[in-house]
Chemist: 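Just passing along the structure, written as structure tokens.
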Amino acid sequence: MSAPTPAEIERAAAILRSGGLVAFPTETVYGLGADADNEGAVRKVFSAKGRPADHPVIVHVADASQIESWVAMFPKTARRLAEEFWPGPLTLILPRSSRVMNVVTGGLNTVGLRVPSHPVAQALLREFGGAIAAPSANRFGRVSATSADHVRAEFGDELEMILDGGACEVGLESTIVDCSGDGPAVLRPGAITREQVEAVCGPLLSEDTNLTRCSGRLESHYAPRALVEIVPAMDLSSRAAELAREGKKVAVLGGPNLPLPAGVALIPWGIDHASQAQSLYAALRQVDDLGCEVVLAVPPDPSGLGAALLDRLQKAAGPRS
Ligand code: TXA
Ligand code: MG
């Protein structure tokens, strides 16, 4: 794994202290970080991403003991989830304290908090000493970045520093659990599965499908330039052939040796949920790099991590504005 030197971590922390932006790896995806206590710095994140001001960003801290000053309340269920899954790919939505600026929450009275486990994220948080407000390091609505090269492809030289921590282990954004309401609810599925969350806090509230405030819940999101179609396995080959006959440049996400019609590009995608999650965004980026107009994928079975995979594919396949 690539690892930034201690001097690079120090320089990154100094950039954060002076109100600059640093892209850094986490175990889920790369984040675009700013000092969570610096309004101007957080605003720079929104303008770099082209993200609407009412979309809240997650506040990252080094360990659970540091969240006290960011929340008005830390309910027992949330505490149990934190004990079980932090550091790790879980974000908790909690009532915010007065420390949290409106620019971070988009005016909501809650705040999203996460303790990432990636050693580079941990080193940066500890060296910096404060909290880092960070959305995923991609332009708004586009595919998240799971390597430093992806971040460079998104922002070019616009960022003061990109810490390279290699490819992200999980590959999909954190599970978001809202603990600010009547009972816990999953707002965004991720590597901590619904089953794992329920094992800690009992049955969850059903999802409020109208809530689009969580930007990952907009209909189209995580989208490459190519159109994405989710196709049953038995129809994959015939749909690819049909599109190719229409003159479209077609790609298919699939395992090795998948038989496909001539002229259709096979983009290697893992054969189990973990490797599919790890490689999904890199695969979608490859589709665009090849100039394909349409990409087909078979829906993963929605158990465990499959729920998060299916969610991201459906968002990528959602109607475009
Ligand atoms: O894995 C991750 O969560 C990555 C890494 C960098 O930590 N971050 C990430 O951030 O995916 P972003 O901004 O791309 O997605 C965060 C999601 C957004 O959909 C946002 O709306 C939601 O979290 N969110 C943040 N604060 C919230 C709040 N107070 N209430 C509801 N949703 C919130
Ligand atoms: Mg994002």
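Basis for what follows: all heavy atoms, side chains included, without hydrogens, waters or symmetry-related copies. Order of listing sets the numbers, starting from 1, for every ligand and every atom in it.
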Chemist: Indicate the atoms forming the closest heavy-atom contact of A148 with D164, along with that distance.
Modeler: CB-CG, 3.5 Å
Chemist: Mark up the atoms of ligand 1 that fall under 4.0 Å of a heavy atom belonging to E173, in ascending order.
Modeler: 1 (O), 11 (O)
Chemist: Which ligand 1 atoms, with their elements, are less than 4.0 angstrom from a heavy-atom of S174?
Modeler: 1 (O), 2 (C), 3 (O)
Chemist: So which of T28, L108, L187, V115 gets nearest to atom 30 (N) of ligand 1, if we judge by its closest heavy atom?
Modeler: L108
Chemist: Under 4.0 Å from a heavy atom of R188: which atoms of ligand 1 are those, numbered in the order shown and with their elements?
Modeler: 2 (C), 3 (O), 9 (C), 11 (O), 15 (O), 16 (C), 17 (C)
Chemist: For I93, run the side chain to side chain contact (heavy atoms under 4.5 Å, CB included) check against V111, T105, I176 and tell me which one passes.
Modeler: I176
Chemist: Quick one: does ligand 1 sit under 4.0 Å from the side chain of R51, the backbone, both or neither, non-hydrogen atoms only?
Modeler: side chain
Chemist: Relative to each other, are the rings of F24 and H60 parallel, tilted or perpendicular (30° and 60° limits)?
Modeler: perpendicular
Chemist: Hey, is CD on E169 packed in by over 12 heavy atoms from elsewhere, all under 6.0 Å?
Modeler: no
Chemist: Under a 4.0 Å heavy-atom limit, does H55 contact ligand 1 with its side chain, its backbone, both, or neither?
Modeler: neither
Chemist: As an exercise, identify every atom of ligand 1 less than 4.0 angstrom from a heavy atom of P135.
Modeler: 10 (O), 12 (P), 13 (O)
Chemist: Who gets closest to atom 28 (C) of ligand 1 by heavy atom: I58, L92, V59, I93?
Modeler: I93
Chemist: Consider only side-chain N and O atoms of S147 and D149, and report whether a donor and an acceptor are under 3.5 Å apart.
Modeler: no
Chemist: Using heavy-atom distances, let me know which of A23, P56, A133 sits nearest atom 25 (C) of ligand 1.
Modeler: P56
Chemist: Relative to the heavy atoms of H60, which atoms of ligand 1 are at a distance of less than 4.0 Å?
Modeler: 5 (C), 6 (C), 7 (O)
Chemist: Is N138 close enough to the Mg ion (ligand 2) that one of its N, O or S atoms comes in under 2.8 Å?
Modeler: no
Chemist: Is it true that T91 and R188 share a donor-acceptor pair across their side chains at a distance under 3.5 Å?
Modeler: no
Chemist: Considering only heavy atoms from C-beta outward, does the side chain of L163 approach that of I9 to under 4.5 Å?
Modeler: yes
Chemist: Which atoms from ligand 1 have a heavy atom of I176 less than 4.0 Å away?
Modeler: 17 (C), 22 (C), 23 (O)
Chemist: Using the side chain to side chain contact (heavy atoms under 4.5 Å, CB included) definition, which of the options V71, T110, L113, L92 pairs with C179?
Modeler: L92
Chemist: So which atom in V200 and which in E84 form the shortest heavy-atom distance, rounded to 0.1 Å?
Modeler: CG2-CG, 3.7 Å
Chemist: At a 4.0 Å threshold, what atoms of ligand 1 neighbour a non-hydrogen atom of T110?
Modeler: 28 (C), 29 (N), 30 (N)
Chemist: Is a side-chain donor-acceptor pair under 3.5 Å present for S144 with E173?
Modeler: yes
Chemist: Near V111, which atoms of ligand 1 are under 4.0 Å from a heavy atom of that residue?
Modeler: 29 (N)
Chemist: Report yes if some N/O of S136 lies less than 3.5 Å from some N/O of ligand 1; otherwise report no.
Modeler: yes
